[in-house]
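Have a look at the structure below, then the notes.
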Amino acid sequence: MVIVRMLERADLQPPLSIVTRWVGGVHLGGDRFRRVQDCVAHDLDHLDATP
């Protein structure tokens with residue numbers, strides 16, 4: 001729901017964000033939610049608004 005709210009606030013039409021995760025590497029625990037939010041925020045900050 002955090003990602004949905006971020007996309008709704010950005011008022012994208014249509015909103016789209018793809019988040020993947022895979023097994024292996026560093027265990028993020030509860031920090032994984034912050035990392036997902038960081039990725040979506042990064043994408044929104046670098047979004048090309050040109051139609």
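What you see is a predicted model; the values in this text were computed from it and never measured.
Applying the side-chain hydrogen bond (donor to acceptor under 3.5 Å, both in side chains) rule to Arg5 yields no partners; only residues at least two apart in sequence or on another chain are considered. Not counting sequence neighbours, the partners of Ala41 by the side-chain contact (heavy atoms from CB on, under 4.5 Å) test are Met6. The side-chain hydrogen bond (donor to acceptor under 3.5 Å, both in side chains) check on Asp38 picks up Arg35, with sequence neighbours excluded.
Formation of a donor-acceptor pair under 3.5 Å by the Arg34 side chain with backbone atoms of Asp31 is not found in this model.
Within the 4.5 Å cutoff, no side-chain heavy atoms of Val2 are placed close to those of Val40.
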